[in-house]
Amino acid sequence: MTFINYAAREINCKIVYYGPGLCGKTTNLQWIYEKTNPSTKGKMISLATETERTLFFDFLPLELGTIRGFRTRFHLSTVPGQVFYDASRKLILKGVDGVVFVADSQAARMDANVESLRNLKDNLKLHGFNLATIPYVLQLNKRDIPGAVPVPEMLSALRVKNEDYFEAVAPKGIGVFETLKAAARHILISLKKAS
Ligand SMILES: Nc1nc2c(ncn2[C@@H]2O[C@H](COP(=O)(O)OP(=O)(O)OP(=O)(O)O)[C@@H](O)[C@H]2O)c(=O)[nH]1
Ligand SMILES: [Mg+2]
């Protein structure tokens, strides 16, 4: 739920990066964090295991300018992709304003992509959200992997509503800000519609 703080003239929005284990969600946030002006970002909090898998979440408040005199702060989180952390994923979706689904372009991960997308639909429903109407962007990550699944094939398996999609190589920053900006833009459009 978008949180508008009138006293501070601030609009707070939450974007969740969703997707299967090791698809590159944390890598997206790390790139954004590294390339963002220190004055516009908060601390990145990462709770990970020794092996770098996200156990709980990554969180990064980011200012992307003002609308009608209100500063907009985007809080970015990732879910842990590993199948058995479903309780954490449910929790992190609470109050979400927009979702980025990060898909892994490796053929061997297509089933995991599809399963994670189904899990996203179910978990959104639990919070009263609908994938069909929530601001939503698809990222096809790991495009650098040899033998990456062709884009049209990925789209026919994963695209749900003609949403914007971006090809990405997250560790190199390719497609990372494009994805984030599209998600932010869709949230702002939906806020304007609602107001
Ligand atoms: N070649 C390649 N490797 C990538 C890409 N994106 C991420 N990786 C690598 O994939 C591994 C997993 O990336 P993470 O960002 O930790 O994945 P995650 O989605 O956060 O995984 P969980 O937290 O377990 O859900 C890391 O070794 C990354 O460097 C990419 O576009 N290309
Ligand atoms: Mg992670």
Ser116 (side chain) donor-acceptor with Asn113 (main chain) under 3.5 angstrom:
no

Would you say that Leu120 contacts Val79 through its side chain, given a criterion of any heavy-atom pair below 4.5 Å between the two side chains?
no

Locate the shortest heavy-atom distance separating Ala103 from Met154; write the atom from each residue and the value.
CB-CE, 3.9 Å

Just by modelled atom types, is the Leu131 backbone N or O under 3.5 Å from a matching donor or acceptor in the Lys161 side chain?
yes

So, do Ile92 and Tyr85 sit near enough that their side-chain heavy atoms are less than 4.5 Å apart?
no

Given side chains that start at C-beta, do those of Leu76 and Tyr33 come closer than 4.5 Å, heavy atoms only?
no

Residues 139-152 side chain polar contacts: donor-acceptor under 3.5 Å, at least two apart:
{"residue": "Gln139", "atom": "OE1", "partner": "Asn28", "partner atom": "ND2", "Å": "2.9"}
{"residue": "Gln139", "atom": "NE2", "partner": "Asn28", "partner atom": "OD1", "Å": "3.0"}
{"residue": "Gln139", "atom": "NE2", "partner": "Thr179", "partner atom": "OG1", "Å": "3.0"}
{"residue": "Asn141", "atom": "OD1", "partner": "Ala170", "partner atom": "N", "Å": "3.0"}
{"residue": "Asn141", "atom": "ND2", "partner": "Cys23", "partner atom": "O", "Å": "2.7"}
{"residue": "Lys142", "atom": "NZ", "partner": "Leu22", "partner atom": "O", "Å": "2.6"}
{"residue": "Lys142", "atom": "NZ", "partner": "Asp104", "partner atom": "OD2", "Å": "3.3"}
{"residue": "Arg143", "atom": "NH1", "partner": "Ser105", "partner atom": "OG", "Å": "2.9"}
{"residue": "Arg143", "atom": "NH1", "partner": "Val149", "partner atom": "O", "Å": "2.9"}
{"residue": "Arg143", "atom": "NH2", "partner": "Val149", "partner atom": "O", "Å": "3.0"}

Shared ILVMFWY cluster between Leu64 and Ile189, side chains joined below 4.5 angstrom?
no

Compare every heavy atom of Leu124 with every heavy atom of Leu93, then report the nearest pair and how far apart it is.
CD1-N, 4.0 Å

Any side-chain heavy-atom pair of Phe59 and Leu47 under 4.5 Å:
no

Could you pull out all residues at least two apart from Glu115 that satisfy side chain to side chain donor-acceptor pair (under 3.5 Å)?
Arg118

Heavy atoms of Gly42 and Leu60 approach each other most closely as O-CD1, 4.3 Å

Taking all non-hydrogen atoms of both residues into account, name the closest pair between Ala157 and Met110 and its distance.
CB-CE, 3.7 Å

First locate atom OG1 of Thr40, then atom CG of Leu62, and finally report the distance between them rounded to the nearest 0.5 Å.
5.5 Å

For Leu138 and Val160, what are the C-alpha separation, side-chain angles and deciding distance, and is it a side-chain contact (heavy atoms from CB on, under 4.5 Å)?
CA-CA 9 Å; Leu138 173 63; Val160 289; over 6 Å; no

Which heavy-atom pair separates Val100 from Ala183 by the least distance, and what is that distance?
CG2-CB, 3.9 Å

Salt bridge (charged side-chain N to carboxylate O under 4.0 Å, His left out): which pairs involve residues 78-87, sequence neighbours left out?
Asp86-Arg89, Asp86-Lys90

Contacts satisfying salt bridge (charged side-chain N to carboxylate O under 4.0 Å, His left out) that involve residues 176-186 (not counting sequence neighbours) are Asp164-Arg185

Residues in side-chain contact (heavy atoms from CB on, under 4.5 Å) with Val114, at least two apart?
Leu158

side-chain contact (heavy atoms from CB on, under 4.5 Å) for Ile32 and Tyr17? Distances and angles first, verdict last.
CA-CA 13 Å; Ile32 294 164; Tyr17 282 67; 3.6 Å; yes

Residues two or more places apart in sequence or in another chain: which of them pass side chain to side chain donor-acceptor pair (under 3.5 Å) with Asp122?
none

Heavy-atom side-chain proximity of Asn119 to Val83 below 4.5 angstrom:
no

How would you list, by chain and number, every residue that makes a side chain to side chain donor-acceptor pair (under 3.5 Å) with Arg109, sequence neighbours excluded?
none

Atom CG in Asn37, atom CD in Glu63: separation rounded to 0.5 Å?
10.0 Å

Partner set under side chain to side chain donor-acceptor pair (under 3.5 Å) for Ser156, not counting sequence neighbours:
none

In terms of the angle between their ring planes, are Phe101 and Tyr136 parallel, tilted or perpendicular, with boundaries placed at 30° and 60°?
tilted

All side-chain contact (heavy atoms from CB on, under 4.5 Å) counterparts of Asn162, not counting sequence neighbours:
Arg159

Would Met44 end up clustered with Val176 when hydrophobic side chains under 4.5 Å apart are linked, directly or stepwise?
yes

Can you tell me which residue pairs pass the side-chain hydrogen bond (donor to acceptor under 3.5 Å, both in side chains) test with a partner in residues 53-62, sequence neighbours excluded?
Thr26-Thr54, Thr26-Asp58, Ser46-Asp58, Asp58-Thr78

Within a reach of under 6.0 Å around CZ of Phe166, are more than 12 heavy atoms found that belong to other residues, nucleotides or ligands?
yes

Report yes if the side chains of Ile187 and Phe74 come closer than 4.5 Å at any heavy-atom pair, otherwise no.
yes

Hey, are the side chains of Thr36 and Phe177 touching, using non-hydrogen atoms and a 4.5 Å cut-off?
yes

According to side-chain contact (heavy atoms from CB on, under 4.5 Å), who are the partners of Glu10, at least two apart in sequence or on a separate chain?
Asn5, Ala8, Asn12, Arg71, Arg73

Going by the salt bridge (charged side-chain N to carboxylate O under 4.0 Å, His left out) test, which pairs reach into residues 22-45, not counting sequence neighbours?
none

